[in-house]
Amino acid sequence: YEMFPGRPGLVRRVQEIPASFRRYGMMTDREGKIWLSRYGYNVDCYDPVAHTIRRVAYDATNGLSNSLLQDKNGRIWVACEYGIVRIDPVTYAASTFPLPEKTYVWHFYQSGDGTIWAATKNGILNIDPASGQVTRFNPANTPGMASGEILSVHEAEGFLWCGSTGGLIRFNPQQHTAITFTTRHGLPHNQVYAAIPAEGSLWLPTNKGLARVSLASVVKPDVDKVL
């Protein structure tokens with residue numbers, strides 16, 4: 001649906017996009033086009049000016065698509081059930097990004113230095129888009145990371161903040177260490193879907209509602225205490 005700023009109550013169903021398909025991710029690129037992941041082995045690109053839609057198919061071995069990211073060079077990254085797909089937004093050519101092993105990818109974040117961080121069912125991936133080098137951080141090699149299934153990644157105050165199935169994870173990208181915050185620290189639930197920074201706080205959608213955590217309370221070295 002399309003809503004119009006300044007015109008409350010005016011909603012238009014986007015006829016060009018079939019309503020029968022489930023949508024798992026949506027992103028607006030630098031040209032104003034809207035990219036949507038869907039239940040199927042392709043991604044849709046909708047032009048709201050021309051009212052046209054372009055369907056981009058990819059290798060089905062990557063599985064169904066989840067979230068999307070446009071990197072600093074303009075390329076579209078697609079998180080999939082079994083890996084990662086990259087799409088050229090000019091030619092619409094799709095290719096599989098090589099990973100050391102098949103991995104269920106939930107979400108992407110690109111840091112200021114160009115690194116792509118991917119939230120997966122087995123930790124977070126540090127990806128160098130230029131060289132293709134991939135490094136995985138999970139409970140097996142990261143002190144303090146209590147949950148391996150990472151649902152999202154965001155950045156604030158020099159840390160990566162990861163929503164996970166086992167709490168809120170603060171990951172130090174320089175030291176490769178982590179601290180996991182759970183109900184023991186005051187969270188309403190350990191299923192944390194995201195940690196979105198805004199105005200000095202982290203906003204956490206959980207299985208027991210929306211929580212807000214002060215960033216100042218979780219960036220201290222001696223932070224392992226009740227929030």
Between D59 (side chain) and N62 (backbone), is there a donor-acceptor pair under 3.5 Å? no
Any heavy-atom pair between the side chains of L68 and I76 that's under 4.5 Å? yes
Hey, quick one: are L125 and Y104 part of the same hydrophobic cluster, counting side-chain heavy atoms closer than 4.5 Å, chains of contacts allowed? no
Distance check, rounded to the nearest 0.5 Å: N207 atom CG versus N190 atom CG? 10.0 Å
To the nearest 0.5 angstrom, please state how far the OG1 atom of T120 sits from the CD1 atom of I124. 8.5 Å
Over all atoms of both residues, closest heavy-atom pair of I116 and F108: CG2-CD2, 3.8 Å
Looking at OG1 of T135 and CG of N141, how far apart are the two atoms once the value is rounded to the nearest 0.5 Å? 9.5 Å
Nearest 0.5 Å please: distance from the NE2 atom of H176 over to the OG1 atom of T142. 8.5 Å
With S95, which residues qualify under side chain to side chain donor-acceptor pair (under 3.5 Å), at least two apart? none
Determine, step by step, whether R54 and Y46 satisfy the side-chain contact (heavy atoms from CB on, under 4.5 Å) criterion, reporting the C-alpha distance in whole Å, the side-chain angles of both residues, the deciding distance to 0.1 Å, and the verdict. CA-CA 6 Å; R54 175 74 177 259; Y46 174 68; over 6 Å; no
L187 reachable from V219 in the ILVMFWY side-chain graph, under 4.5 Å edges: yes
Parallel, tilted or perpendicular: which fits the ring planes of F181 and H185, with parallel below 30° and perpendicular above 60°? perpendicular
Determine the minimum heavy-atom distance between I127 and A118, stating which atoms define it. CD1-CB, 4.3 Å
Residue list, side chain to side chain donor-acceptor pair (under 3.5 Å) with S214, at least two apart or on another chain: none
Would you kindly say whether D29 and W35 are connected by a side-chain donor-acceptor distance under 3.5 Å? yes
If you apply the rule side-chain contact (heavy atoms from CB on, under 4.5 Å), what do you find for I84 with V78, and how did you get there? CA-CA 6 Å; I84 295 171; V78 187; over 6 Å; no
All side-chain contact (heavy atoms from CB on, under 4.5 Å) counterparts of D113, not counting sequence neighbours: S111, T115
Taking everything shown except K208 itself, do over 12 heavy atoms lie less than 6.0 Å from its NZ? no
Please report the interatomic distance CZ(R30) to NZ(K72), rounded to the nearest 0.5 Å. 8.0 Å
Keeping R170 on the side-chain end and V218 on the backbone end, is there a donor-acceptor pair under 3.5 Å? yes
Considering all heavy atoms, the nearest A94-I87 contact: CB-CG1, 4.0 Å
Please check this pair: side chain of T177 against backbone of N172, looking for a donor-acceptor N/O pair closer than 3.5 Å. no
Report the residues that fulfil ring-ring contact (aromatic ring centres under 6.0 Å, His included) with F97, sequence neighbours left out, ordered by chain and then residue number. W77
Give the intermediate values and the outcome of side-chain contact (heavy atoms from CB on, under 4.5 Å) for residues S65 and Y41. CA-CA 7 Å; S65 56; Y41 306 111; over 6 Å; no
Do the non-hydrogen side-chain atoms of M145 and I169 ever get within less than 4.5 Å of each other? yes
Just jot down the side-chain contact (heavy atoms from CB on, under 4.5 Å) partners of A50, sequence neighbours excluded, or say none. D47, T52
So if you build clusters from Ile, Leu, Val, Met, Phe, Trp, Tyr with side-chain heavy-atom gaps below 4.5 Å, do L69 and M26 land together? no
Any donor-acceptor pair under 3.5 Å linking the side-chain atoms of T103 with those of R136? yes
Okay, side chain of T96, backbone of V85: is any donor-acceptor separation there less than 3.5 Å? no
About how many Å separate OG of S37 and CG of N66, when rounded to the nearest 0.5 Å? 6.5 Å
Shortest non-hydrogen contact between G63 and Y58, atoms and distance: O-OH, 2.8 Å
Sequence neighbours left out, what passes ring-ring contact (aromatic ring centres under 6.0 Å, His included) with F171? Give chain and number order. W117, F137
Which atom pairs, donor and acceptor, lie under 3.5 Å between side-chain atoms of residues 150-168 and protein residues at least two apart or in another chain?
from: S152; atom 1: OG; to: Y193; atom 2: O; distance (Å): 2.9
from: H154; atom 1: ND1; to: A195; atom 2: O; distance (Å): 3.4
from: E155; atom 1: OE1; to: Y109; atom 2: OH; distance (Å): 3.0
from: W161; atom 1: NE1; to: A156; atom 2: O; distance (Å): 2.9
from: S164; atom 1: OG; to: G166; atom 2: N; distance (Å): 3.0
from: S164; atom 1: OG; to: G167; atom 2: N; distance (Å): 3.2
from: S164; atom 1: OG; to: G167; atom 2: O; distance (Å): 2.7
from: T165; atom 1: OG1; to: S147; atom 2: OG; distance (Å): 3.1

What pairs with S201 under side-chain contact (heavy atoms from CB on, under 4.5 Å), at least two apart in sequence or on another chain? W203, R212
Test of understanding: with side chain to side chain donor-acceptor pair (under 3.5 Å), list the residues that count as partners of N138, not counting sequence neighbours. N122
Looking at G186, is its backbone amide N or carbonyl O close enough to the side chain of T183 to form a donor-acceptor pair, meaning the two atoms are under 3.5 Å apart? no
With the 4.5 Å side-chain cut-off for hydrophobic clustering, are I179 and V192 part of the same group? yes
Pairing residues for A211 by the side-chain contact (heavy atoms from CB on, under 4.5 Å) criterion, not counting sequence neighbours: P188, L204
List in chain and number order the residues that pass side chain to side chain donor-acceptor pair (under 3.5 Å) with N42, two or more places apart in sequence or in another chain; answer none if no residue qualifies. R38
Membership question, hydrophobic clusters at under 4.5 Å side-chain separation (ILVMFWY): are L215 and I196 in the same one? no
Derivation of the side-chain contact (heavy atoms from CB on, under 4.5 Å) call for S67 and W106: CA-CA 6 Å; S67 63; W106 284 112; 5.9 Å; no
Quick one: which residue pairs count as a side chain to side chain donor-acceptor pair (under 3.5 Å) with a foot in residues 78-90, not counting sequence neighbours? none
